[in-house]
Amino acid sequence: MPQRPFSQACENNKGPILAVLQQHCQAPGSLLEIGAGTGQHAAWLSAQLPHLHWQPSDVAANLPGIRQWLEEPGSRAQPPLELDLTGDWPAGPYDYLFTANTFHIMAMPLVERCVEQGCARLASNGRFLVYGPFNEDRRFTSDSNRAFDQALKNTDPQRGIRDRQWVADLFEKQGLHQIADHAMPANNRVLVFSRGAADACAVSDR
Ligand SMILES: C[S@@+](CC[C@H](N)C(=O)[O-])C[C@H]1O[C@@H](n2cnc3c(N)ncnc32)[C@H](O)[C@@H]1O
């Protein structure tokens, strides 16, 4: 069996991400993880959050690696679902959607489709949580994010760090409001969107 894929970033950010999920995903329910990557988040976070029915998904090529990680003792994640965001989505609904480090990898039209299709499958009181680097007022928030953006564009000109306001506008078009913006290590953030009242912004640390 090939060695399982490994991301040091996932090991570094899983603890801070858990703290945000514990705050915003308190009610038991189903969670669809989009672009699960190696599967490290699914394996570890599902073990820490047993009240969530954790469904990792990704393109077909990543599913074998995810399956290897889900063999970790304690993992409670469901077998990974093949989901290429350019194609058909599962019917849902899901109580929570979670995605990490995908919006700067997908081209902007695919980010738009992801928000549109994802929100359409979100339960009426559901939440959509997005982890990653974001610009603020079209400005990089750190030199390292600027360099990262250039490296992304060198790989594919359609990749790049997205503006937080642009992302929030996509959610607003689907009737969801940003209710929190959590600073994470290494100049990342978790943005939380909900159909609920915008006054829940009190939980934001921005
Ligand atoms: C940088 S990786 C992040 C992986 C993981 N979430 C993490 O935080 O380490 C980007 C992920 O987006 C996924 N992705 C890119 N395009 C996709 C698409 N069209 N449909 C589904 N997933 C896609 C990739 O397969 C990959 O798993």
Side-chain angles (χ1 to χ4, degrees), residues 2-21 25 31-49 52 54-70 72 75 77-90 92 94 96-121 128-134 144-145 147-162 167 170 182-192:
Q3 201 175 7
R4 64 185 184 181
F6 178 78
S7 159
Q8 185 59 51
C10 282
E11 294 304 307
N12 299 344
N13 62 32
K14 66 185 186 182
I17 289 175
L18 172 64
V20 173
L21 293 178
C25 308
L31 181 149
L32 175 66
E33 181 186 7
I34 295 165
T38 61
Q40 283 163 264
H41 282 150
W44 190 78
L45 292 169
S46 69
Q48 315 306 314
L49 299 163
L52 298 182
W54 191 289
Q55 176 63 72
S57 74
D58 209 318
V59 296
N62 285 347
L63 301 193
I66 296 172
R67 285 192 195 101
Q68 284 182 274
W69 273 97
L70 298 192
E72 282 277 295
S75 169
Q78 298 302 300
L81 180 72
E82 181 180 346
L83 173 55
D84 185 327
L85 302 175
T86 61
D88 292 335
W89 282 56
Y94 296 95
Y96 307 103
L97 271 77
F98 166 70
T99 192
N101 288 318
T102 55
F103 279 21
H104 57 269
I105 297 295
M106 300 183 227
M108 290 173 83
L110 190 55
V111 177
E112 291 186 52
R113 185 165 203 267
C114 177
V115 172
E116 180 192 283
Q117 296 290 313
C119 290
R121 282 153 181 83
F128 197 140
L129 298 95
V130 187
Y131 172 94
F134 294 95
S144 62
N145 275 4
F148 182 49
D149 181 77
Q150 191 56 58
L152 287 166
K153 290 189 167 72
N154 290 346
T155 308
D156 180 343
Q158 297 213 71
R159 293 183 175 180
I161 295 179
R162 311 302 173 204
V167 173
L170 296 182
H182 295 270
M184 295 278 109
N187 303 302
N188 289 293
R189 313 201 72 83
V190 180
L191 309 180
V192 186

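Counting starts at 1 for both ligands and their atoms, in listed order.
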Can you pull out the closest protein heavy atom to [atom]? Residue, atom name and distance to 0.1 Å, please.
atom: atom 19 (N) of ligand 1; value: Asp84 OD1, 3.0 Å
atom: atom 24 (C) of ligand 1; value: Asp58 OD1, 3.6 Å
atom: atom 5 (C) of ligand 1; value: Gly35 O, 3.5 Å
atom: atom 15 (C) of ligand 1; value: Ile105 CG2, 4.1 Å
atom: atom 2 (S) of ligand 1; value: Asn101 O, 3.8 Å
atom: atom 20 (N) of ligand 1; value: Leu85 N, 2.9 Å
atom: atom 16 (N) of ligand 1; value: Met106 CG, 4.4 Å

Is there a polar contact, in the sense of an N or O pair closer than 3.5 Å, between Thr86 and ligand 1?
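Thr86 vs ligand 1: no N/O contact under 3.5 Å.
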Ser7 N/O to ligand 1 N/O under 3.5 Å:
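Between Ser7 and ligand 1 (N or O atoms, distance only) the closest approach is not under 3.5 Å.
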Contact summary for [X] and [Y], nearest pair of heavy atoms:
X: Asp58; Y: Ala36; value: OD2-N, 3.1 Å
X: Ala186; Y: Asn145; value: O-OD1, 4.4 Å
X: Glu112; Y: Leu170; value: CG-CD2, 3.7 Å
X: Ala42; Y: Ala77; value: O-CB, 3.9 Å
X: Leu63; Y: Pro80; value: CD2-CB, 3.8 Å

Show me which atoms of ligand 1 lie under 4.0 Å from any heavy atom of [X].
X: Thr102; value: 11 (C), 12 (O)
X: Cys10; value: 7 (C), 9 (O)
X: Val59; value: 18 (C), 20 (N), 21 (C), 22 (N), 25 (O)
X: Leu110; value: 19 (N)
X: Leu83; value: 20 (N), 21 (C)

Audit row: Asn101, Ser7, side chain to side chain contact (heavy atoms under 4.5 Å, CB included) steps and yes/no
CA-CA 12 Å; Asn101 288 318; Ser7 159; over 6 Å; no
Using a 4.0 Å heavy-atom threshold (strictly under), name the region of Asn62 that reaches ligand 1: side chain, backbone, both or neither.
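It is the side chain that gets close, since no backbone atom is under 4.0 Å.
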Side chain, backbone, both or neither: which part of Ala100 has a heavy atom under 4.0 Å from ligand 1?
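It is both parts that get close, each with some atom under 4.0 Å.
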Do Glu33 and Trp54 get their side chains close enough for a donor-acceptor pair, meaning under 3.5 Å?
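Result is yes, a qualifying pair exists.
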Does any donor atom in the side chain of His104 or Asp149 lie under 3.5 Å from an acceptor atom in the other side chain?
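The answer is no; no qualifying pair exists.
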Given side chains that start at C-beta, do those of Met184 and Asn13 come closer than 4.5 Å, heavy atoms only?
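No. Closest side-chain heavy atoms not under 4.5 Å.
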Check whether any side-chain heavy atom of Phe98 lies under 4.5 Å from a side-chain heavy atom of Ile17, and answer yes or no.
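The answer is yes; the side chains approach within 4.5 Å.
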With the threshold set at under 4.0 angstrom, would you say His41 reaches ligand 1 through any of its heavy atoms?
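Per 4.0 Å heavy-atom rule, His41 contacts ligand 1.
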Residue from Glu11, Gln8, Lys14 passing side chain to side chain donor-acceptor pair (under 3.5 Å) with Gln40:
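Only one option passes, and that is Glu11.
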